[in-house]
Colleague: 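Take this structure, written in structure tokens, and hold onto it; I'll ask about it next.
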Amino acid sequence: MISENEGSVNKRNEPWRQELRSRLKAKERSLIARVKMPEVDADERSKSTVEVNIGLNAEIARREASRCLDCVNPACIEGCPVGIDIPRFVKYIEAGEFLNAARTLKETNSLPAVCGRVCPQEIQCEAKCIYAEKMNKEPVAIGHLERFAADFEQQSGKIHIPEITGKNNLKVAVIGSGPAGLSAAGDLVKMGYNVKVFEALHELGGVLKYGIPEFRLPNSIVDVEIESLKKMGVEFETNIVIGKTLTFEDLKNEGYKAFFVGSGAGLPNFMNIPGEDYNGILSSNEYLTRVNLMGASQSDYDTPVLKGKHVAVIGGGNTAMDSVRTAKRLGAERAMIIYRRSFDEMPARKEEIKHAKKEGIEFLNLHNPIKYNADKDGRVSSAILQKMELGEPDSSGRRRPVPIPDSEFEIAVDLVIVSVGVSPNPLIPQSLSELNTTRWGTISVDEEYLQSNISGLFAGGDIVRGGATVILAMGDGRKAAAGIHKYLQNGFGK
Amino acid sequence: MNRIVEKINLSELVVKLSIEAPEIAKKRKAGHFVIVKIGKKGERIPLTISQADEHSGTITLIIQKVGTTSHKLAALEPGDHVTDLVGPLGHATHIENKGTILCAGGGVGIAPLLPIVEALKEAGNKIILVLGARSKDLIILEDEIRKVSDEVVIMTDDGSYGQKGLITKGMEDVIMKNRIDLAYAIGPAIMMKYCSLLTKKHAIPTIASLNTIMVDGTGMCGACRVTVGNKTRFVCVDGPEFNAHEVDFDELLMRLGAYKEEEYSSFKEYSQAIK
Ligand SMILES: Cc1cc2nc3c(=O)[nH]c(=O)nc-3n(C[C@H](O)[C@H](O)[C@H](O)COP(=O)(O)OP(=O)(O)OC[C@H]3O[C@@H](n4cnc5c(N)ncnc54)[C@H](O)[C@@H]3O)c2cc1C
Ligand code: FES
């Protein structure tokens, strides 16, 4: 197993790092302007599925990496949920050793090409960067650099596949192939376990495949990561619903000694307002699944998708942003976000909001739908919106939206995508009555090893956190893998 | 991939396929369904498991040719493979000895009804079955049904077989003559709606098995949502069976038509492609 973070300070003192630091004065480094990610023209991209961000080239990436001051106490690492040795990978980029940069990422992050694209860096590592915290400047573009190094490795054809030594022939089952499951599988296989991932859908990747669109995270990027896991010996089986096709009992009988459940947040929430069941009103999960997983926007695929001229997407998260930008790409004349708070409270990644604005997405912030009307065939034809204002902060610390009386008005819509959160997937809890869950339906686990009340059954990602992020799901997968290792090696000393 | 081992044409529009699926055959109970996808570019559709044989490791699906996927499926031959098959999904039917049970099966709804009737019969219930279809050639599985029922009434719209009239007429006659403890209605949504209105009038508890549009079938998308007792429920993980008297059938009927245009054009393309 690769030891984590250990000696990131010692590594800082390696001669090559010292030499690199001495090449440029801190002052000179700090005068370099932050790189701007090149992107496909907004008009052009909003008519296709092409990835919006083009990626950095080697020269620009090295210049951006040279902005990093290689701090003595790098706070960025604390901002990273999986504790990537950020200065080391960035300095490898500055030194032009891109494969080493990728390898550094992979010591603690099994999906760097994914995370470089979808992590909310602005509230994690980049928020802690000395430039942002102390110097009132734009932080080092850590996310863009992560993507650069990971893509470089993918394209080099020299993907590092860690050698697996000391197979122990113990079988571990991973349920769900989203980021939580994939990262758990990656760590477990490196520790010598026989790992098999069971996935309910016909495709691997979880939300990375069915949720996040091609223009933000190409499927091919996810597939390369899954291929690497296969090369390391992880087995995958699709079309298996654990709890239905196979039970935990069956898996035990087949010799599985421990389980990691990463079954995600499924069940979309609705607002339960009048008219919400009209045709043309659907969850973002359904909309995105039809387009991303089922290919519904391509004429040679069988799955249909409703197209709208005036599309309203309710919500302000990443899922809402992905839906509204997808609707634009499928030809909507008006593609609108309807969000009950303001830009400041929006949970979506800042970059996505910026991209959406450029693509002509309309933002009706401080608005909330209260009712829908339909035409004679039951297809939604308008929404009644109420204006909101921000009141006192609520328990989440965000200012609570309060309706403004008599502010209702009607807008024409023919497609509404409801994106107001998800609840945990009920399948696993339904099939294991002795499993402890919280009142929100998430699986209860201990904080240190993520073990549930059933010994040997661990869980992480959205099924434990409710809707969270890719990196937190991955972090959970790693933590649980360590827990499973401990459990199988010495039963937690019990 | 799952291999097709047998194919029988039950009528011009209905075929029966036996498919290798040992795990599903072992697990399935009456009321369960599977999701099927044909080809890389196919869609995911739900189909009730009609029968299963644990020893040969096969399940039986009965398919009425209505749209693109059902036609593609019906065009497969023994030896061909179903690209993706996942299940058993949904909650199994709650089986209990209730006394006398009236089962109403409309058209191809007779197929999902069969395993439920078998299980109810085995639990000791008296079974009275009313089958309804437009005409004689659309009545399927009659022999199998007769084997497990105490009484069978057949109704056809055109009178070409059994009695002439709607399924509700046959049910009403049965209700007049017998004390019914529980009713099941499975078939087209419009038929279930009227069956449910009838049994409500007679205060007979009734269960309907709903056939909504689905995508994943695992509780992830909400395409299958229905309103039952004024609450939003997901058919794939909360159903497929619900208290019929609480189901908002008008909404269900409306939602079943959501993709009518898209489905029609997809089917037109498919029909032209195979010509
Ligand atoms: C549209 C969208 C955009 C997002 N954008 C971002 C973003 O930009 N940045 C970010 O950090 N996060 C984002 N998120 C959130 C992020 O994707 C999730 O937090 C993350 O994917 C959770 O990972 P997971 O592994 O827990 O679950 P999932 O990715 O949901 O994977 C769970 C998998 O388990 C399978 N499964 C469920 N039950 C069973 C069973 N019984 N047997 C077998 N398999 C089962 C499911 O089919 C699924 O494939 C987004 C989410 C969505 C929906
Ligand atoms: S079919 Fe998607 S939630 Fe039921």
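Residue numbers start from 1 in every chain, and the chains themselves are labelled A, B, ... in the order their sequence lines are given, proteins ahead of strands. All heavy atoms count here, side chains included; hydrogens, waters and symmetry mates do not.
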Colleague: Below 4.5 Å from any heavy atom of chain A, which atoms of B/I45 appear? Answer side chain, backbone, both or neither.
Modeller: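 Neither; nothing under 4.5 Å.
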
Colleague: Name the member of A/V418, A/T245, A/N285 that forms the most heavy-atom pairs with chain B at distances under 4.5 Å.
Modeller: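 Looking at each option in turn, the highest pair count goes to A/T245.
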
Colleague: For A/Y210, which atoms come within 4.5 Å of any heavy atom of chain B: side chain, backbone, both, or neither?
Modeller: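 Just the side chain, heavy atoms under 4.5 Å.
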
Colleague: Above 12 or not: heavy atoms from other molecules or residues under 6.0 Å from CD of A/E254?
Modeller: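 Check passes, neighbour count above 12.
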
Colleague: Does B/E12, at its CD atom, have more than 12 non-hydrogen atoms belonging to other residues, nucleotides or ligands within less than 6.0 Å?
Modeller: no

Colleague: Check each atom of B/R28 against the heavy atoms of chain A and say whether the ones under 4.5 Å are side chain, backbone, both or neither.
Modeller: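 It is neither, since no heavy atom gets under 4.5 Å.
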
Colleague: Looking at CE of B/M254 and CZ of A/R379, how far apart are the two atoms once the value is rounded to the nearest 0.5 Å?
Modeller: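 If we round to the nearest 0.5 Å, B/M254:CE and A/R379:CZ are 11.5 Å apart.
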
Colleague: Between chain B and each of A/L201, A/D377, A/L282, A/T238, count heavy-atom pairs under 4.5 Å; write down the option with the most.
Modeller: A/L201

Colleague: Is B/K27 salt-bridged to A/D250, cutoff N-O under 4.0 Å?
Modeller: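 Salt bridge between B/K27 and A/D250, a charged N being under 4.0 Å from a carboxylate O: yes.
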
Colleague: Using modelled atom types only, decide if a donor and an acceptor are shared between the side chain of B/K40 and the backbone of A/Y301 within a distance under 3.5 Å.
Modeller: no

Colleague: Heavy-atom pairs under 4.5 Å with chain B: which of A/L288, A/L293, A/V305 has the most?
Modeller: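 Maximum pair count with chain B is reached by A/V305.
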
Colleague: Is the shortest side-chain N to carboxylate O distance from B/K72 to A/D302 below 4.0 Å?
Modeller: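 Salt bridge flag = yes for A/D302 with B/K72.
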
Colleague: Is atom NZ of B/K29 surrounded by more than 12 heavy atoms (other residues, nucleotides or ligands) closer than 6.0 Å?
Modeller: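 At most 12 heavy atoms, drawn from other residues, nucleotides or ligands, come within 6.0 Å of this atom.
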
Colleague: Within the 4.5 Å heavy-atom criterion, are B/V215 and A/M294 side-chain neighbours or not?
Modeller: yes

Colleague: Is it the case that the side chain of B/R255 and the backbone of A/D277 share a donor-acceptor pair, with hydrogens and angles ignored and the cut-off at 3.5 Å?
Modeller: yes

Colleague: Pick whichever of B/G39, B/G222, B/P88 has the most heavy-atom pairs under 4.5 Å with chain A.
Modeller: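 Of B/G39, B/G222, B/P88, B/P88 has the most heavy-atom pairs under 4.5 Å with chain A.
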
Colleague: Between CD of A/E276 and OG1 of B/T227, what distance do you get to the nearest 0.5 Å?
Modeller: 10.0 Å

Colleague: Please classify the contact between A/T289 and chain B as side chain, backbone, both or neither, with a heavy-atom cut-off of under 4.5 Å.
Modeller: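 Looking at A/T289, just its side chain touches chain B.
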
Colleague: Verify side-chain contact (heavy atoms from CB on, under 4.5 Å) between B/T218 and A/L427, making sure each step is shown before the conclusion.
Modeller: CA-CA 7 Å; B/T218 62; A/L427 284 173; 3.8 Å; yes

Colleague: Measuring heavy-atom distances to chain B, does A/P268 have an atom under 4.5 Å in its side chain, in its backbone, in both, or in neither?
Modeller: both

Colleague: When only pairs under 4.5 Å are counted, which of B/H32, B/E23, B/K37 shares the most heavy-atom pairs with chain A?
Modeller: B/K37

Colleague: Does OH in B/Y194 sit with more than 12 non-hydrogen atoms of other residues, nucleotides or ligands closer than 6.0 Å?
Modeller: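 Open: at most 12 neighbouring heavy atoms sit under 6.0 Å from OH of B/Y194.
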
Colleague: For chain B, which of A/N425, A/V422, A/L246, A/L306 has the most heavy-atom pairs under 4.5 Å?
Modeller: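 Heavy-atom pair counts peak at A/L306.
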
Colleague: Can you check whether B/V86 reaches A/H202 side chain to side chain, under 4.5 Å on heavy atoms?
Modeller: no

Colleague: Below 4.5 Å from any heavy atom of chain A, which atoms of B/V237 appear? Answer side chain, backbone, both or neither.
Modeller: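 For B/V237, backbone and side chain are both near chain A.
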
Colleague: What option among A/T247, A/I240, A/N239 has the most heavy-atom pairs under 4.5 Å with chain B?
Modeller: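 Ranked by contacts with chain B, first place is A/N239.
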
Colleague: Tell me whether the count of non-hydrogen atoms from other residues, nucleotides or ligands lying under 6.0 Å of CG in B/N230 goes above 12.
Modeller: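 Count not over threshold, so no.
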
Colleague: Heavy-atom distance under 4.5 Å between the side chains of B/C221 and A/R290, does that happen here?
Modeller: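 Side-chain contact under 4.5 Å: no.
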
Colleague: Hey, does A/Q298 have a side-chain heavy atom less than 4.5 Å from the side chain of B/K41?
Modeller: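 Sidechains of A/Q298 and B/K41: no contact.
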
